[in-house]
Amino acid sequence: MAAGPGATSDACHAARAGGEEVERVKPFTPEKAKEIIMSLQQPAIFCNMVFDWPAQHWTAKYLSGVLHGKQIQFRMGMKNTDTVPQFETTCSYIDATVEEFLTWNCDHSSISGPFRDYDHSKFWAYADYKYFVSLFEDKTDIFQDVIWSDFGFPGRSGQESTLWIGSLGAHTPCHLDSYGCNLVFQVQGRKRWHLFPPEDTPFLYPTRIPYEESSVFSKINVVNPDLKRFPEFQKARRHVVTLSPGQVLFVPRHWWHYVESIDPVTVSINSWIELEEDHQARVEEAITRMLVCALKNAEDPHNTRAWLNPTEVEETSHEVNCRYLNGAVSAFFDHYRTSKVVENQALRTNGEYMKKEELNVYSLMEVEQTGSQNLPLGTVKQEAASPFGPDLVPVVPSSEEPPSERGSIFENDGKDFVGKDREHFGKLHCTKRQRMMSKSENAAVEQIASNSITAPSQTFVSTDDLLDCLVNPRVTKIVAQLLIQGRSL
């Protein structure tokens with residue numbers, strides 16, 4: 001790894017130097033921070049932005065006092081070096097207090113209680129996806145300890161956040177989130193992140209089993225890959241960074257990530273930021289959910305644990321999923337019908353109204369395949385000057401050489417974390433981010449919105465409608481090719 005970025009990280013850890021103590025000023029205004037988040041196409045670390053957040057003191061010990069005896073679920077995983085990802089369906093689960101977790105994590109002798117069957121030398125524990133709204137339902141004042149408004153999102157607090165508490169080695173399999181971009185505040189301990197850009201998705205061998213709404217998993221254990229079975233993974237551009245307390249990591253939309261706790265106790269807080277692209281993504285997710293549930297329930301309706309992620313607690317009947325799909329489609333049209341009217345009014349006001357080129361449905365497929373590839377990796381859209389500096393550190397591709405300092409912000413290996421947020425239809429990760437759509441993507445969306453203005457507000461999508469699309473010869477050809485390719489691994 002080059003010395004330049006590593007040196008920059010020192011500024012993230014050090015308080016601003018000087019003689020007597022002066023009032024600290026945040027390096028970015030909320031407006032500037034949001035501008036960066038909505039335009040940046042690569043992961044980056046914000047420094048010196050949360051030094052006055054009350055949540056900076058949320059250590060696991062502090063939280064054990066706040067939750068005073070409340071049991072939460074911990075995921076128990078094995079400390080091993082298997083080449084197969086440790087999916088959440090293969091882990092064990094226990095209910096325990098944070099105090100019991102800390103006792104098990106610090107006292108390695110035999111103990112009683114929920115952790116008694118888990119040898120600390122062989123297991124890690126992770127209390128992940130803990131939504132503030134349920135965790136602190138009787139202490140709502142604590143929501144204000146998290147101030148995402150500093151990043152340009154007024155009103156966003158702990159109420160739109162999730163909490164993560166883990167032991168050394170705790171991690172989640174490599175995946176990408178279908179919705180939103182991600183802001184992650186590291187409170188205690190360090191986590192090492194492995195990130196891969198959206199363009200590398202074919203090299204990550206994506207899978208939807210186990211099924212979890214809005215999560216696309218990789219078949220690969222990215223920290224111990226089986227390159228004989230997954231040779232294309234060697235082409236993936238790995239970005240590795242170690243996130244330390246007081247730093248906030250920005251993860252752009254559809255970036256793959258695998259996060260691992262590398263200290264004895266880690267605490268993180270995250271929030272998914274809603275994005276314009278999420279409206280169509282929810283329709284795609286609803287289609288996926290309907291298919292997976294129909295096929296897997298038909299296979300064995302009494303053994304959902306084998307394919308349904310433990311975080312998926314909603315009913316999975318065809319009737320419910322059909323309503324879910326129709327809700328997503330209706331929301332898509334409602335959103336773009338409204339935004340189209342507003343946009344057209346603005347354009348006409350400015351005298352810039354232009355007739356848009358018509359696009360048919362098939363052009364959407366082309367946009368999906370090529371749109372993101374036309375965007376240069378690691379650049380900022382229409383930025384007059386680079387926003388990077390001592391308070392905004394880019395996450396760059398990893399080098400093959402070992403890092404010079406183990407404690408620096410950039411390191412050569414690491415692992416993952418993830419998250420979600422419910423609202424709208426199921427797990428609405430919080431909308432997403434930047435207006436990074438290409439001109440053709442914008443045109444496609446505008447055409448759909450334009451067509452929807454004259455369409456009925458409630459158009460029911462039937463099972464037959466979905467099948468007509470799924471068994472379209474164009475689609476089945478692609479499916480056949482993917483199936484054959486997969487069997488040749």
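No hydrogens, no waters, no symmetry mates; every other heavy atom, side chains included, goes into these values. Please read these numbers as outputs of a predicted model, since none were measured by experiment.
Residues satisfying the side chain to side chain donor-acceptor pair (under 3.5 Å) test with K235, not counting sequence neighbours, are E232. With sequence neighbours excluded, no residue forms a side chain to side chain donor-acceptor pair (under 3.5 Å) with N303. The side chain to side chain donor-acceptor pair (under 3.5 Å) search around T476 returns none, not counting sequence neighbours. A search for side-chain contact (heavy atoms from CB on, under 4.5 Å) contacts involving A127 returns I72, F74, K130, I165, not counting sequence neighbours. Not counting sequence neighbours, the partners of F136 by the ring pair (Phe, Tyr, Trp, His ring centres under 6.0 Å) test are W58, F132. Residues satisfying the ring pair (Phe, Tyr, Trp, His ring centres under 6.0 Å) criterion with W53, sequence neighbours excluded, are W148, F185. Applying the side-chain contact (heavy atoms from CB on, under 4.5 Å) criterion to D52, with sequence neighbours excluded, gives K26, D150. Shown here are the side-chain contact (heavy atoms from CB on, under 4.5 Å) partners of C469, two or more places apart in sequence or in another chain: there are none. In this structure F203 satisfies the ring pair (Phe, Tyr, Trp, His ring centres under 6.0 Å) test with no other residue, sequence neighbours excluded. Applying the side-chain contact (heavy atoms from CB on, under 4.5 Å) rule to E299 yields the partners K296; only residues at least two apart in sequence or on another chain are considered. The ring pair (Phe, Tyr, Trp, His ring centres under 6.0 Å) test applied to F143 returns no partner, not counting sequence neighbours.
Looking only at distances, a side-chain donor or acceptor of H175 sits under 3.5 Å from a matching main-chain atom of P173. Using a distance-only test at 3.5 Å, with no hydrogens or angles considered, no donor-acceptor pair links the side chain of D177 to the main chain of Y179. Although no hydrogens or angles enter the test, the distance criterion places a donor-acceptor pair under 3.5 Å between the side chain of H68 and the main chain of V66. Without hydrogens or angle criteria, S330 side chain to G327 main chain gives no donor-acceptor distance under 3.5 Å. The closest donor-acceptor contact from the side chain of Q188 to the backbone of A60 lies under 3.5 Å. Side chain of Q186 to main chain of G189: a donor-acceptor pair is present (N/O by atom type, distance under 3.5 Å, no hydrogens or angles).
Contact of the K70 side chain with the T97 side chain is not registered, since no non-hydrogen atoms from C-beta on lie closer than 4.5 Å. In this structure, the side chains of W307 and N297 come closer than 4.5 Å at one or more pairs of heavy atoms. Two residues are said to be in side-chain contact when any heavy atoms from C-beta on lie closer than 4.5 Å; I287 and M290 fail this criterion. Side-chain contact between K34 and I36 is absent, with no heavy atoms from C-beta onward closer than 4.5 Å. In this structure, the side chains of S215 and N309 stay at 4.5 Å or more apart for every pair of heavy atoms. Residues T83 and R229 have side chains not in contact (no heavy-atom distance under 4.5 Å, counting atoms from C-beta outward). A heavy-atom distance below 4.5 Å is found between the side chains of L249 and V395. Looking at heavy atoms from C-beta onward, L308 lies out of side-chain contact with V292 at the 4.5 angstrom threshold.
Side chains of T311 and E212: a donor on one and an acceptor on the other come within 3.5 Å. No donor-acceptor contact under 3.5 angstrom links the side chains of S178 and S214, judged on distance only. Side-chain contact, Q42 with H239: no donor N or O sits under 3.5 Å from an acceptor N or O. One side chain, E284 or Q280, offers a donor N or O that lies under 3.5 Å from an acceptor on the other. Side chains of R156 and S271: a donor on one and an acceptor on the other come within 3.5 Å.
Listed by first and then second residue, the salt bridge (Lys or Arg N to Asp or Glu O under 4.0 Å) pairs that reach into residues 201-211 are R208-E285, sequence neighbours excluded.
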Step-by-step ring-ring contact (aromatic ring centres under 6.0 Å, His included) determination, Y211 to F217: CA-CA 9 Å; Y211 176 74; F217 291 103; 9.5 Å; no

Q56 and V187: CA distance, side-chain angles, deciding distance, side chain to side chain contact (heavy atoms under 4.5 Å, CB included) verdict: CA-CA 6 Å; Q56 69 174 321; V187 180; 5.7 Å; no

Check against side chain to side chain contact (heavy atoms under 4.5 Å, CB included), T201 and L176: CA-CA 9 Å; T201 292; L176 68 79; 4.2 Å; yes

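Taken to the nearest 0.5 Å, the OG atom of S462 stands 7.5 Å off from the CG atom of D468. One distance of note links NZ of K32 with CD1 of I37; it measures 11.5 Å at 0.5 Å rounding. Between the CG atom of D391 and the CG atom of N48 there is a distance of 5.0 Å, given to the nearest 0.5 Å. Between the NE2 atom in H171 and the NE2 atom in H257 there is a gap of 13.0 Å [rounded to 0.5 Å]. Note that the CD atom of E260 and the OG1 atom of T242 stand 10.0 Å from one another [nearest 0.5 Å]. Once rounded to the nearest 0.5 Å, the distance linking CZ of F151 with CZ of F250 reads 11.0 Å.
Under a 4.0 Å N-O distance rule, the pair R289/E213 qualifies as a salt bridge.
Under the ring-ring contact (aromatic ring centres under 6.0 Å, His included) test applied with Y205, the options F233, F230, W256 reduce to a single match, F230.
Figure legend: R237 and F196 shown without cation-pi pairing, the cationic atom not lying both under 6.0 angstrom from the six-membered ring centre and within 45 degrees of its axis.
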